[in-house]
2 protein chains.
Amino acid sequence: MSSPLRLGIAGLGTVGIGVVKIVQKHADLLAKRSGRGIAITAISARDRMKNRDADISAYRWESDPMAVAQAGDVDIYVELIGGDNGIARDSIEAALRSGKDVVTANKALLAMHGQELAELAESLGRVIRFEAAVAGGIPVIKTMTESLAGNGITRVMGVMNGTCNYILTRMENAGLPYEAVFEEARQLGYLEADPNLDVGGIDAGHKLAILSSIAFGTRVNFDAVEIEGIERISIDDIRRAADMGYRIKLLGIAQMTPRGLEQRMSPCLVPADSPIGQLAGGTNMVVVEGDSVGQIVLRGAGAGEGPTASAVMSDIVEIARGVRMPVFGQPAADLEPAQPARTAVPAAYYIRLELQDKPGALAKVAAILGDAGISIDRMRQYGHASDSSVPVLVVTHKTTPEAIDFAIEALPRTGVLVSDPVELRIEEV
Amino acid sequence: MSSPLRLGIAGLGTVGIGVVKIVQKHADLLAKRSGRGIAITAISARDRMKNRDADISAYRWESDPMAVAQAGDVDIYVELIGGDNGIARDSIEAALRSGKDVVTANKALLAMHGQELAELAESLGRVIRFEAAVAGGIPVIKTMTESLAGNGITRVMGVMNGTCNYILTRMENAGLPYEAVFEEARQLGYLEADPNLDVGGIDAGHKLAILSSIAFGTRVNFDAVEIEGIERISIDDIRRAADMGYRIKLLGIAQMTPRGLEQRMSPCLVPADSPIGQLAGGTNMVVVEGDSVGQIVLRGAGAGEGPTASAVMSDIVEIARGVRMPVFGQPAADLEPAQPARTAVPAAYYIRLELQDKPGALAKVAAILGDAGISIDRMRQYGHASDSSVPVLVVTHKTTPEAIDFAIEALPRTGVLVSDPVELRIEEV
């Protein structure tokens with residue numbers, strides 16, 4: 001058996017400690033499976049004195065992650081600091097330049113700078129692996145780069161932010177408004193330091209951009225992801241959707257079309273009894289469609305200590321086994337910049353409006369939709385929101401996003417709207 | 001870029017032709033993803049003149065698979081002949097001995113002789129890969145050997161025979177008896193040449209034995225799998241199960257217990273709205289539970305040209321990329337023989353009886369169940385099957401398999417049974 005593979009871990013939050021625990025608990029199993037021992041030599045985190053749920057006294061403490069990245073007794077630099085720039089990026093570059101392979105869970109960094117990092121790693125003959133960056137413990141990166149290597153990928157989609165899914169599920173189950181559940185999630189520690197990364201759809205958008213790159217052999221392009229968060233979703237929307245047999249999910253879809261690459265992360269209505277509709281709490285699901293394999297569905301915990309550390313460990317074991325692969329599954333230099341395309345596939349839409357309670361209001365809305373070329377499947381007034389306004393729900397027949405945009409822009413000009421309309425695509429996933 | 005990797009393919013049925021098509025269609029993509037070209041040099045199949053759905057004229061035809069296995073211009077021997085002995089086994093051994101790596105979809109061979117083949121391959125420094133052997137296009141082998149390498153696996157279960165799932169789904173949807181749907185499946189070409197491999201649960205049992213070996217680091221032991229087929233399942237069972245909110249699935253479960261390794265493949269009742277209960281037609285699902293990752297669910301097509309060929313290609317690309325791994329994820333010499341254990345976990349059971357239509361019959365049944373220590377959740381008589389007999393359904397509270405065996409053996413001695421009882425476990429998966 002070869003000499004042990006030596007890890008240097010920067011960042012000892014939930015995931016970092018999870019990795020330490022696995023290395024300690026499963027030393028024998030990891031050695032059998034890797035063909036060599038796996039040892040931790042150096043660690044670094046912000047607060048040395050913090051009470052941690054693992055004994056880290058045997059590892060050399062470095063106050064600067066750079067010292068771990070450049071240590072002579074480290075083979076793999078495990079970056080679990082996070083952030084799309086600063087020390088996370090600097091230390092990864094330093095680790096690569098000092099001859100180390102890198103394992104990271106940093107989706108933001110890969111979504112923003114994955115191309116440069118991949119080119120740097122490949123020019124230096126190093127690997128970067130990042131299974132934990134997308135969908136926690138679900139092996140989606142490996143499935144796409146390896147298991148589906150014989151497929152032209154046609155579409156990838158999924159629910160990839162457990163916090164948003166928790167909020168939406170909890171709103172429905174408890175009948176609570178968005179603000180109350182958001183506050184709950186904050187107190188439970190489910191939200192990122194900047195909650196907009198979660199509820200604004202940005203974290204999930206980072207993940208989708210990474211998957212797109214692997215799926216279509218294109219340079220990761222986060223800026224081209226159409227992103228909409230869940231902040232506008234009200235308990236009324238959730239109830240109306242449920243009445244019609246749907247659930248609202250923050251759903252990402254990426255597909256290559258003749259017009260270019262569509263990447264969209266937005267709240268959608270999906271059938272309540274579909275696999276995606278049934279996803280509860282922090283569970284994630286990724287669906288990949290390939291021209292040979294058909295549809296592959298992967299489901300599991302999207303976050304948390306154990307699942308995310310499991311993904312990090314799978315990358316470490318791969319490197320220990322001697323597996324060397326291009327970062328995005330093919331050489332970074334070969335990745336093409338994709339032509340971004342706005343979503344154009346027609347769909348039915350859900351539109352919730354708050355109208356002034358006066359004669360002719362509905363007729364004005366119907367006229368606008370007609371002008372936009374949108375035909376109405378259902379239109380229904382729900383009680384009275386107040387003395388002076390009424391909530392109205394419209395479900396359209398299949399129409400284009402352009403027609404919906406036209407209508408949404410035109411609707412306020414009717415003068416009968418009390419608040420901004422909420423429009424959501426209905427995806428029959 | 002290195003020289004092309006040269007394939008020799010033995011067996012040009014559905015899967016073999018699927019592989020040929022992918023190599024032809026995706027030559028550029030495969031080269032980018034593998035870092036080298038992938039070329040077919042030699043092929044072999046039973047009937048050279050058969051009309052095939054791909055142009056194979058550019059490849060050297062060998063009438064004997066052995067010639068492909070031993071050819072000087074072949075790097076990977078792709079065995080798609082099938083069968084747990086004979087030419088499939090002989091040619092794989094010959095290929096290994098002549099310095100080739102092997103990719104196969106042959107579950108029977110691996111379940112019966114996987115240990116010897118793995119030891120041979122590893123002693124020669126060769127690899128055998130077999131993603132296509134279990135659950136078609138679903139990347140279950142890779143997920144277990146690689147993605148979950150940092151986990152102690154606690155349980156693996158799933159629906160792994162698409163033909164059985166097709167038959168059970170079709171019986172329920174069309175309200176047809178087993179025999180009629182079996183005949184349909186035969187005419188559609190869904191059944192193996194020996195249909196007992198499918199409906200007898202043997203094919204699915206082979207797959208479970210392979211997964212057990214990887215999950216628990218044990219030598220594959222097919223003979224220890226408790227196997228029951230679907231032949232006894234009647235349309236009545238399916239209807240009674242549906243009435244109670246269940247579906248019947250041929251479900252495999254393997255788990256390591258303090259008493260030893262439980263491996264069971266048998267028809268079970270599962271909740272109709274559970275992910276496994278919702279599996280329709282030829283779709284497969286595998287659920288793996290790890291001590292860090294929690295539960296991972298993988299779903300996809302379990303058979304067919306495209307999905308199975310996709311799995312074969314993923315193995316080929318891995319070898320092309322230079323990935324070398326022990327056959328079962330850790331060296332074959334380290335795999336321990338497992339102590340087989342019969343299923344002991346208690347469960348509720350479904351028991352269907354056909355009783356003589358005379359006073360006291362039900363009381364006699366209830367007395368036997370009481371003697372066995374089984375308490376009854378529900379007991380119900382369903383109309384009259386004929387003038388002289390009545391079908392009776394019993395659902396028990398949780399009880400042990402031993403208690404059920406005791407009762408099933410004792411029931412005929414009441415003298416009130418018209419036919420053999422049918423008992424099925426209820427798994428709350």
Side-chain angles (χ1 to χ4, degrees), chain A residues 18-19 21-23 25-26 29-30 32-35 131 136-139 142-143 145-152 217 273 275 278 285 290-301 304-314 316-318 320-326 329-331 334, chain B residues 18-19 21-23 25-26 29-30 32-35 131 136-139 142-143 145-152 217 273 275 278 285 290-301 304-314 316-318 320-326 329-331 334:
Chain A
V19 172
K21 285 185 190 172
I22 294 178
V23 170
K25 175 180 180 186
H26 285 313
L29 200 56
L30 289 168
K32 273 192 191 173
R33 289 176 177 165
S34 303
E131 184 64 80
I138 304 176
K142 182 172 278 285
T143 295
T145 50
E146 303 175 21
S147 300
L148 303 185
N151 287 259
D273 61 359
Q278 289 186 311
M285 180 177 280
D291 61 357
S292 283
V293 80
Q295 191 181 73
I296 291 284
V297 179
L298 310 173
R299 197 187 77 202
E305 176 184 303
T308 314
S310 166
V312 171
M313 282 311 306
S314 79
I316 292 170
V317 170
E318 288 292 278
R321 283 172 169 161
V323 176
R324 322 265 331 147
M325 266 191 35
Q330 51 182 283
D334 291 353
Chain B
V19 172
K21 285 185 190 171
I22 294 178
V23 169
K25 175 179 180 187
H26 284 314
L29 200 55
L30 289 168
K32 273 192 189 173
R33 289 176 177 167
S34 305
E131 183 64 81
I138 305 177
K142 182 173 277 287
T143 294
T145 50
E146 303 175 21
S147 300
L148 303 185
N151 287 258
D273 60 359
Q278 289 187 312
M285 178 177 282
D291 61 355
S292 283
V293 80
Q295 192 181 72
I296 291 282
V297 178
L298 310 174
R299 198 187 75 201
E305 176 183 304
T308 313
S310 165
V312 171
M313 283 311 305
S314 78
I316 292 170
V317 169
E318 288 292 279
R321 281 171 169 162
V323 176
R324 322 269 326 152
M325 266 191 36
Q330 51 183 284
D334 291 353

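No hydrogens, no waters, no symmetry mates; every other heavy atom, side chains included, goes into these values. So that the names make sense, note that chain A is the first sequence line, chain B the second, and so on, each numbered from 1.
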ask   = For A:E305, is it the side chain, the backbone, both or neither that has a heavy atom under 4.5 Å from a heavy atom of chain B?
value = neither

note = Here the pair of heavy atoms bringing B:G137 nearest to A:V293 is O-CG2, 3.6 Å

request  = Would you mind checking which part of B:I22 comes under 4.5 Å of any heavy atom in chain A, side chain (CB onward), backbone (N, CA, C, O), both or neither?
outcome  = side chain

query = Any idea which heavy atoms bring A:L30 and B:G150 closest together, and the distance?
reply = CD2-CA, 3.9 Å

request  = Identify which part of A:A309 has an atom lying under 4.5 Å from any heavy atom of chain B, answering side chain, backbone, both or neither.
outcome  = neither

ask   = Taking B:Q330, B:E146, B:R324, B:M325 one by one, which has the highest count of heavy-atom pairs under 4.5 Å against chain A?
value = B:E146

note = Under 4.5 Å to a heavy atom of chain A? For B:E318 that would be side chain

task = Identify the two heavy atoms, one from B:S314 and one from A:S147, that lie closest to each other, and give their separation to 0.1 Å.
result = CB-O, 3.3 Å

key: Shortest non-hydrogen separation from B:D291 to A:K25 and the atoms involved   = OD2-NZ, 2.8 Å

note = Sorted by chain and number, sequence neighbours left out, side-chain contact (heavy atoms from CB on, under 4.5 Å) with B:A320 holds for B:L5, B:S34, B:R36, B:I38

request  = With sequence neighbours excluded, tell me which residues meet salt bridge (Lys or Arg N to Asp or Glu O under 4.0 Å) with A:D273.
outcome  = none

Minimum side-chain heavy-atom gap A:R299-B:P275 below 4.5 Å = yes

Shortest non-hydrogen contact from A:K32 toward B:D334 = CG-OD2, 4.0 Å

remark   = So, the part of B:A311 with a heavy atom under 4.5 Å from chain A: the answer is neither

ask   = So which of A:Q278, A:R321, A:M313 has the biggest tally of heavy-atom pairs under 4.5 Å with chain B?
value = A:R321

message = Under a 4.5 Å cutoff for heavy-atom pairs, which residue among A:G300, A:G304, A:A149, A:G217 has the most contacts with chain B?
response = A:A149

ask   = Checking heavy atoms, do the side chain of A:I316, its backbone, both or neither come under 4.5 Å from chain B?
value = neither

key: Part of A:L29 within contact of chain B (heavy atom distance under 4.5 Å)   = side chain

task = Output the option from B:V19, B:N151, B:T145 having the highest count of non-hydrogen pairs under 4.5 Å with chain A.
result = B:N151

key: Shortest non-hydrogen contact between B:I296 and A:I138, atoms and distance   = CD1-CA, 3.9 Å

